[in-house]
Amino acid sequence: MPELPEVEVTRLGFADRIAGARIEVVRMGKPLRWALAVEPSALAGRAVRAVRRRGKYLLIDLDEGLLLLHLGMSGSLRFTDMPLPPPGPHDHFDMVTNRGSLRLNDPRRFGAVVYARDEAAPLAIKLLGRLGVEPLGDGFDFGAFFAGLKKRHAPIKQVLLAGELVVGVGNIYASEALFLAGIRPTLSASRISRPRAARLHAAVREVLARAVERGGSTLRDFTNADGQGGYFQLEATVYGRAGEPCRVCSATIRQIRQGQRSTFFCPSCQKC
DNA sequence: CGCAATTCCTGTATGC
DNA sequence: TGCATACAGGAATTGC
C-alpha cells in the first residue's frame, strides 16, 4: 500500500495542477484517524499554494495554514477536472477548487486529513516531529545513518520501519532493501558493520527511487492521482515470495514475523 | 477466523 | 529517585 514512493507519485500527479487554486467547498465523510480540527466551511475561499511531502504525509500549503494528509493503509487520492460524482461509502474527504477536485477514498479509514495553522502547531509537531530524514534528499547522510544504527539494539527491520532514522520505508520496501543489502532482517541494527551499513544506505535509496520512477508499484490496488491503477506490479525480489526460489541463488525464500508484521528474506543471500 | 496495510499510544525495561 | 530513551505490544478498520 502507500509507502513513500506511492505518496510521492500521488503528489507529483496533482501538485502542479492544484497550486494556485481557490478552495470552494470541503466535505468530510466518515471519521478518519483524527478529526480535521477545523470547520470544513472555514477552508472555503483559501488558496492552495503548494503540495509537499514529508515521509508518507502530504502537506498541502494554504495561504493560511496547511492540511496534513496521510493515506494510511488503504487510502488513495484522486484529482479530477470533472465534477465530482456523489461520494461513495469510502469517500471521506473532498476538496473542491476552481481548478479541480481532490477526493480521498479510504475504505479502512486509517488515513487522515488534519488542519494546522503552521508546522509549529502542536498537532503538526505530534505527527511530523519525530520523523527521520528523507531518504531521497540530501539529508540522508551516511555518517549520521551509521551513527543512528549504532544506537539501536532492535532488529534492523524494525529500526527501518520505525521511521525515526529515515522515513518512508514501509513493510514491503524494508524487506526489499535488506535483501538488496544482503542483511538478515533480524540482525541487531547496532551490530551492522560500517561497510554493510553503507550497502544498506545505498539500498534504501535505490529501492525507493526506483519505485518512484516506476510510478509507484507496491500493491495491485494502488491508484495514482488520475485514478489509474492496476498497471503497476511490484517486481518483488523477496516480499510475498515465501516458499519460492530466490531470484539470485534459488534458495527458498523464508517468511517470519517481526513485531506482528511479515518479513521475507533469503536465508542464503542475507547474512546475520 | 486470520491476515494485510500504518503509526500513535501505552506500558515496561534500561541507562545514567 | 527521577528522567530520558528504547522497545514491545496493542489499537484503530475493512475486505478478502
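Please read these numbers as outputs of a predicted model, since none were measured by experiment. Protein chains get the first letters and strands the later ones, always in sequence-line order, with residue 1 at the start of each.
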Among the candidates [options], find the nucleotide nearest to the side-chain atoms of [X].
{"X": "A:Gln255", "options": "B:dT6, B:dA4, B:dC8", "answer": "B:dA4"}
{"X": "A:His90", "options": "B:dT6, C:dG15, B:dC8", "answer": "C:dG15"}
{"X": "A:Phe110", "options": "C:dT14, C:dA8, B:dT6", "answer": "B:dT6"}
{"X": "A:Arg261", "options": "B:dC8, B:dT7, C:dT14", "answer": "B:dT7"}
{"X": "A:Lys56", "options": "B:dA4, B:dT7, B:dC8", "answer": "B:dT7"}
{"X": "A:Arg109", "options": "B:dA4, C:dT14, B:dT6", "answer": "C:dT14"}
{"X": "A:Pro155", "options": "C:dC7, C:dA8, B:dC8", "answer": "C:dA8"}

Take atom [atom1] of [X] and atom [atom2] of [N], then tell me their distance rounded to the nearest Å.
{"X": "A:Lys157", "N": "C:dC7", "atom1": "NZ", "atom2": "P", "result": "16 Å"}
{"X": "A:Leu131", "N": "B:dT6", "atom1": "CG", "atom2": "P", "result": "15 Å"}
{"X": "A:Glu164", "N": "B:dC8", "atom1": "CD", "atom2": "C1'", "result": "11 Å"}
{"X": "A:His70", "N": "C:dT13", "atom1": "NE2", "atom2": "P", "result": "17 Å"}
{"X": "A:Gln158", "N": "C:dT5", "atom1": "CD", "atom2": "C1'", "result": "17 Å"}
{"X": "A:Gln260", "N": "C:dC7", "atom1": "CD", "atom2": "P", "result": "17 Å"}
{"X": "A:Lys126", "N": "B:dT10", "atom1": "NZ", "atom2": "C1'", "result": "14 Å"}
{"X": "A:Leu161", "N": "B:dA4", "atom1": "CG", "atom2": "C1'", "result": "14 Å"}

Checklist line | Contact nearer the 5' end of DNA chain C, comparing A:Gly259 with A:Arg130 | finding: A:Arg130
Can you tell me if [X] touches the phosphate of [N], counting only side-chain N or O atoms and a distance under 4.0 Å to OP1 or OP2?
{"X": "A:Arg257", "N": "C:dA8", "result": "no"}
{"X": "A:Lys30", "N": "C:dT13", "result": "no"}
{"X": "A:Lys151", "N": "C:dA6", "result": "no"}
{"X": "A:Ser262", "N": "B:dC3", "result": "no"}
{"X": "A:Tyr173", "N": "B:dT6", "result": "no"}
{"X": "A:Arg33", "N": "C:dA11", "result": "no"}

Check: Just wondering, are more than 12 heavy atoms of other shown residues or ligands nearer than 6.0 Å to CG in A:Asp118?
Finding: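 Yes, the 6.0 Å shell around CG holds more than 12 heavy atoms from other groups.
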Notebook entry, point to check: With under 30° as parallel and over 60° as perpendicular, where do the rings of A:Phe142 and A:Phe145 fit, or are they tilted in between?
Noted result: tilted
Notebook entry, point to check: Between the side chain of A:Arg199 and the main-chain N/O of A:Leu180, is any donor-acceptor distance below 3.5 Å?
Noted result: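 Between the backbone of A:Leu180 and the side chain of A:Arg199 there is a qualifying donor-acceptor contact (under 3.5 Å).
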Item checked: Pair A:Glu119 + A:Arg54, salt bridge at N-O below 4.0 Å -> no
Notebook entry, point to check: Going by an N to O cut-off under 4.0 Å, is there a salt bridge joining A:Glu134 and A:Arg53?
Noted result: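 Looking at A:Arg53 together with A:Glu134, the answer is yes, because their closest N to O distance falls below 4.0 Å.
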